[in-house]
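A, B, ... follow the sequence lines: proteins, then strands. Residue 1 opens every chain. Hydrogens, waters and symmetry mates are skipped; everything else that's a heavy atom, side chains included, is used.
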Amino acid sequence: MKHFTILFFFLAWTISQVQGQYSDLNTNLIPDSLKKNANAVVRYDRTIVDLSSKKKMIVQVEYAATAFNERGKSILAFSKSYKEGSSQIKDIELEIIGADGSTLREIKKKEIDDFAAFDGYSLISDARRQSFGINSKDYPITVKYSYRLESKNTLSIPGWYPIVNYGVAVEQSRYQLIHPDQSINHKAYQYKAKPISEGATTVFELKQAKALTKERYAPHFTELAPHVIFSPTTFIYEGYQGNYTNWQEYGAWVHHSLLDKRDNLDKTLVKAELDKIITETDNKKEIARQIYDYVQENTRYISISLDEGGVQPMLCQDVHDQKYGDCKALSYYMRSLLSLYDIPANYVEVYADSDFKKSYDPTFASITQGNHIILNIPLDQDTVWLDCTSHDLPFDFLGSFSDDRTALIINEQGGELVRTPAYDHTHNRTHYDIKSKINQEGGITSSFSYTLTGVPMSQRLHMKNKEPHLKEKFLKEDFLSSFKRLQLIDHDYHLNESDLSSTEEISLSSEHYGEIAGKYILIPTAFQSMKIPRFKKKKKRRYSIHIHRAYSEESQQIVTLPAGYTLYGDPHKETISSPYGTYDISYELNQEGDLVISRSLVVYKGEYENSDYKTIKKFFDRILQEEKRQITLTLSS
Amino acid sequence: MNRTIILLLLCITVTAGTVAQKLGKFDISLLSATSHQDSTASAAYIQNHCKISFVFNSNKISLVSEFSKRIKVYSENGEKYATISIPLYQQGSRKERITNIKGTTYNLVDGKVTEDKLKRKKDVFEEETSENWKQVKFAMPNVKAGSVVDIQYRVTSPFIYQLDRWFFQHEIPVDKSIYKLIIPSYFVYTPVPAGFHPTETKTKDYAGSVHGEVETTFTSVNIPAFKDDEYILNADDYKASIKYELYSITYPNNPPEYYSKDWNAIGKDLLESDRFGKEIKKKIKDPELSALLASVAQLPEEEKIKAIYDYVRETYTWNEKYGVGKDVGHKKLIETKTGNIGDINLLLINLLKKAGVNAVPAVTKSRYRGLLNESFPTLTELNYVVAYLPDPEGTAMALDASSKQVPFGQLPTRAINLTGVAIFGNGSQVIHLQNPNTYKSSTVSNYDLNIDEATLVGTSNRKKSDYAATKYRLDLENVDQSTKTEDDTEEEDDSDEEEELDIQNESTLIKAENIKELDQPIKLEYEEIIRDEVKQIGDSYFVNAAVDFGIDKNPFTEDTRKYPVFYNYKIDTKSIVNIQFPEDYAVESVPETVLATTPNKTASFRYEVKAFDKFLTIYYFIKVNQDIFTHTDYEGLKNLYDLIIDTQAEKIVISKK
């Protein structure tokens, strides 16, 4: 009898252990509203950041998420980076759980890889990464893990990002900050709820958040998703104390603790070397240009992030000797060389991204806002801006990587916000000058010049140093891919550094350019339509509409028609204008019987309400309709 | 006395192998050269040598590889060839080590030669990238266009059985490459060459040396840069290279141990091993699997095979790891329902055998790793196994249960290699696995010609069979839910009064059948408005010959080709389009009928338009009957595609009567 009871309890206990072990993680419990448009759902995300000890920071995380398909899989991967020497990740527990909440697999510590965080382009990095990837394809699948990170550095407090990506819904995300004895500043974005403060603890929470869907020409994800960033007033970094409450003080600390001692250039020796190359002149801009050319020709950009988040640059003498460095090192080295000629330059922190012009927040100073370093040289007549990492970028041109945003100057006076130059539609120009000849079979021979300035010019800089056969490959497969049976006869690329324009002269021939339709020949208005924003047909637009940069395009084409052919129908002229831009097109025969096609487009930079969506879509659709016109040619009777 | 002599001899052996192939005198004219004979080259290996030798140290034998390279950089794009990254393998306490790293960058400055030396402590970095691999990286100092870089280093390895493939040919030109091997008589290797380029070979006997070394030197000069290509599976199969495969080791007073043998021997070894043969023999104890076997016992052969295949495919999930043998093993596979290629397919073979089906394992290499070379039997290249059902009369069949979307009769693309080795109890046999996959689709569309708008409006019914259905199901897995448009329950936004301007083609899926029924073809029905395939001029309507389907471009642009063309599947697509037009209109002209095939009828194209009173019908069929085309077939294939493009450029004319 006794045995029987014990056996029964034992069986019951083992069954309950195996089945429904985490009944709260059963995927049936996920509300339908959260499954909509979702690749994955975060079931819970509980973070505690403990700054009770002034000497270290402890972060504890408990996390569980369910993926519904391949796209959602990435949020299941456990991958935490930490800085070797001053941080440690401990107590990792990780389980893979099935749809019904039962444990499929427990992952042991030794299965979690701990190796150098290879970001794909750094030569070396002392960031290490603990990671484990999920290989199953049996969806839905849930991963649950917990861990503890201890760091001796309290400068960089992890932010709270409850929604990590489009297509990820959140059941519950909770962030708790423990901070007796010191105030920690925070700034919330797209998060309206009041944090709950109790004594030394502050809690942020988000529940039942639906997945965000992607829309074109929308604000960037970080401008849509709620998040909170933190900034300590006093902190420890690599054993040293520091403090700041605003950008000026932050900059002062960076300059004093991280930058100041990095300039160990042997000034006499290096100046002597440079004097041989630099032609002295009173024009400081010219000297800066020569030094910039020297640095471009003699150094290579290699990413070396030996420091958490890559905070401290290499020593200037090392850059000079080894002839390579990353953005911090090359910029600080360039600054050092400029100082040899009494040209003061500022080290500038910026957030660089071609698609997202993120500005430094003037109301909130913190370490996490930038990802790149550029240089600015305040001269009497104007300010010169330099990005020292690209061998292609001409002097005094930043390109789309860091234009038109608020950045941070860091020098002896401390930190100061500054605006990087913006390029408008008079700068960002594309110009075509085309002469073509069509034959009776619809074939074309054409030679044209293609001139770019501003951001379009910088996006084409890859042509400057490409080998000829790769240039050809690019032209055939990419730029001129609309041509069928293309013969590329000649091409030439030239960059004019003084007016920052690039010009290409291209000549080609191709069959099937014009379509034969009975006794007519149909030709397009251009072999490439202009860059026109395209919008999907939508019932309801969620987000505001953002066009990041203004630009303009022009095309002048003279087409010699086949013998005996003329334009069918009337010449055409159309102008379309709106607050979003203007477009002109015209085609007609000139006195010689050639067809002259002119087109021009200006698109303005702007941020528009979502209620304007249909109007904006219609404006650009009308332009596209004009661009897609086919011009009909016929035998003159 | 003897001992001292032996020690002395050992010392001599040890020192004899420590000097890497010398790079030769430095020629200043090399520094001033601005381009290679191949003017498109951004850099070139002036010299690229490797010397292999064995070092004996009491009980341990080490494999020593000494590398010496001289690289000339012609342009900025070539600078990357002066950043070296060396992977080192380690297994527990046994590690490959790198020593004797020396590097110098030479530049010509004002007519004088400058030298920048690589500093071991500053410029050389070591990094662990995973449990078994470490990377040693270094960036040569002061490299720019025109520089010449000399690099030397030595790798000492305890893994003496594996000699890496030595590539003579690279993506940049190589002026001279010497591969020298000094091998003790105990080790016998089979050289396995690849690629096309002549090499000179010399051998030398070290008479009287302790270990009876033989020195073999391969010298290759003026090797052109290798140009990669989209339609070959793996560039490494085609670059000029050589791999020394260990055949046997015979120590003094010991019997020989054989390593790489013929396929029979490799097959026998696999069958006897725990990770392969024993897995197939495992007893079936799991109640569900026993029930499966019981339920299929009375079924006819084909149904039995399909039932077992379907069960394994549906129940077990691939963990995305390759392997010819097991990873987690039978017990854990059944417990966790997850395993590698070996786990899943060896279980499949096990079950088939227990059900009385004649099934054997066939081993091969996954498709993207390149072709398995049947003339050079090797165990190390194998990373895939499938179930093979031989059929002396009809067609043999291969089964791979690792992909949930692939039904009985098809194979996942990764499993399709030209060559495999079927392992029978009494021997192994090279087999050529046919690609069973065909992209088969048939579309029937019915449109009305809208006279006012010059558009085609109607419905399109698409049936996707065989691999076309599988591909559709695989693609569905990868759909990003965050880009889907809202469903109809969303309220319409009334605030904007603008009328829409419709300029795009519209295609709305209104019905989809059999998405999850793997054995059935997928049927899709679309409602369509096609706006840019009809041009109105006066009273005539010009409709594009292939409406909105067909191919965009000829994928084959070169005139001739050196390598074969690999398609992932055969193709069989049919499109039939009916266009109705009003009573007062008639078909004025149609493109000529085309019926074309490649020589040997390996691919064909049929185009025809039949005109009637009130409607017309377009027939457009493309068939590609094999998945591999040799380079001699290439021209015929290219010409066929050119003909398709030309046909698509024509117009069908419908005019008012």
Side-chain angles (χ1 to χ4, degrees), chain A residues 37-39 68-71 104-105 113 115-116 118 123-124 135-138 166-167 211-214 297-298 300 302 318 321-324 391 442 465-469 484 512 515-518 520 522 536-541 568 611-615 617-618 621-622 624-625 628 630 632, chain B residues 39-40 42 75-77 79 83 116 122-123 125 127-131 137 139 141-144 317-321 336-338 404 477-486 490-493 495-496 498-501 503-504 532 535 537 540 542 553-554 557 588-589 645-646 649-651 653:
Chain A
N37 297 124
N39 296 319
F68 300 122
N69 57 34
E70 279 293 297
R71 298 246 171 194
L104 296 179
R105 251 188 100 188
D113 300 321
F115 48 86
F118 183 59
L123 184 65
I124 185 72
N135 282 322
S136 174
K137 278 186 190 249
D138 217 355
Y166 293 105
L212 295 179
T213 53
K214 281 186 190 158
E297 271 162 46
N298 288 286
R300 287 134 72 204
I302 291 182
D318 283 347
D321 294 336
Q322 282 155 220
K323 302 284 190 280
Y324 64 76
H391 275 211
N465 290 320
K466 251 198 191 18
E467 284 96 334
H469 70 286
K484 295 194 176 18
H512 295 313
E515 293 175 21
I516 311 292
Y520 304 102
L522 307 167
K536 277 187 180 172
K537 193 167 180 173
K538 262 191 185 310
K539 286 205 165 132
K540 185 173 176 155
R541 166 87 178 187
Y568 175 84
S611 50
D612 291 338
Y613 186 74
K614 283 197 180 143
T615 314
K617 178 177 186 298
K618 187 165 182 182
D621 280 351
R622 280 183 68 198
L624 191 60
Q625 198 178 38
K628 281 166 75 164
Q630 283 182 306
T632 313
Chain B
S39 56
T40 66
S42 62
S75 69
E76 209 177 299
N77 293 327
E79 282 172 18
T83 298
D116 286 277
K122 270 198 169 159
D123 301 318
F125 305 99
E127 180 169 88
E128 296 204 3
T129 52
S130 79
E131 197 186 318
K137 303 188 201 184
N142 205 6
V143 172
K144 51 192 171 188
T317 307
W318 181 45
N319 64 8
E320 297 189 38
K321 287 193 199 166
T336 65
K337 305 265 192 296
T338 311
K404 291 212 185 297
E477 277 245 302
N478 279 318
V479 168
D480 185 347
Q481 294 294 326
S482 72
T483 58
K484 280 174 102 170
T485 44
E486 301 90 279
E490 284 275 349
E491 316 138 27
E492 179 116 19
D493 195 343
S495 55
D496 199 326
E498 284 290 339
E499 221 185 75
E500 296 265 7
L501 181 72
I503 55 166
Q504 320 272 37
D532 49 13
K535 171 84 180 177
I537 303 175
S540 293
F542 296 87
K553 287 177 84 102
N554 187 342
T557 47
E588 190 181 312
S589 71
I645 297 283
D646 285 340
E650 312 244 345
K651 308 267 183 219
V653 188

Counting heavy-atom pairs under 4.5 angstrom with chain A, the leader among B/Lys535, B/Gln504, B/Glu79 is B/Lys535
Measuring heavy-atom distances to chain B, does A/Tyr166 have an atom under 4.5 Å in its side chain, in its backbone, in both, or in neither?
both
Of the non-hydrogen atoms in A/Lys614 and A/Lys538, which two are nearest, and what is the gap between them?
CE-O, 4.3 Å
Name the region of A/Ala517, side chain, backbone, both or neither, that has any atom closer than 4.5 Å to a heavy atom of chain B.
both
Between A/Ile516, A/Leu624, A/Asn39, the one whose heavy-atom pairs under 4.5 Å with chain B are most numerous
A/Asn39
Please flag which part of A/Lys628 lies under 4.5 Å from any non-hydrogen atom of chain B: side chain, backbone, both or neither.
side chain
Nearest heavy-atom approach of A/Asn37 to A/Ala211 is O-CB, 3.7 Å
Chain B heavy atoms under 4.5 Å from A/Leu212: which part of the residue, side chain, backbone, both or neither?
backbone
Quick check for you: to the nearest 0.5 Å, what is the distance between A/Arg541 atom CZ and A/Asp612 atom CG?
11.0 Å
Strictly distance-based, threshold 3.5 Å: is any side-chain N or O of B/Asn77 a donor or acceptor partner for the main-chain N or O of A/Asn465?
yes
When the 4.5 angstrom heavy-atom criterion is applied to B/Asn142 and chain A, the contacting part is both
Given that the side chain runs from C-beta out, which part of A/Tyr568 has a heavy atom under 4.5 Å from chain B: side chain, backbone, both or neither?
side chain
Between A/Thr615 and A/Tyr613 (side chain of the first, backbone of the second, donor and acceptor by atom type, cut-off under 3.5 Å), is there such a pair?
no
If one checks every heavy atom of B/Ser42 against chain A at 4.5 Å, the contacting part turns out to be both
Can you tell which part of A/Asp318 gets under 4.5 Å to a heavy atom of chain B, answering side chain, backbone, both or neither?
side chain
In Å, rounded to the nearest 0.5 Å, how long is the span from OG1 of A/Thr632 to OH of A/Tyr520?
8.5 Å
Between the NZ atom in B/Lys651 and the CD atom in B/Glu588, the distance rounded to the nearest 0.5 Å is 14.5 Å
Applying side chain to side chain contact (heavy atoms under 4.5 Å, CB included) to B/Asp116 and B/Val143, what does each step give before you reach the verdict?
CA-CA 9 Å; B/Asp116 286 277; B/Val143 172; over 6 Å; no
Is it the backbone or the side chain of B/Asn554 that comes under 4.5 Å from a heavy atom of chain A, or both, or neither?
neither
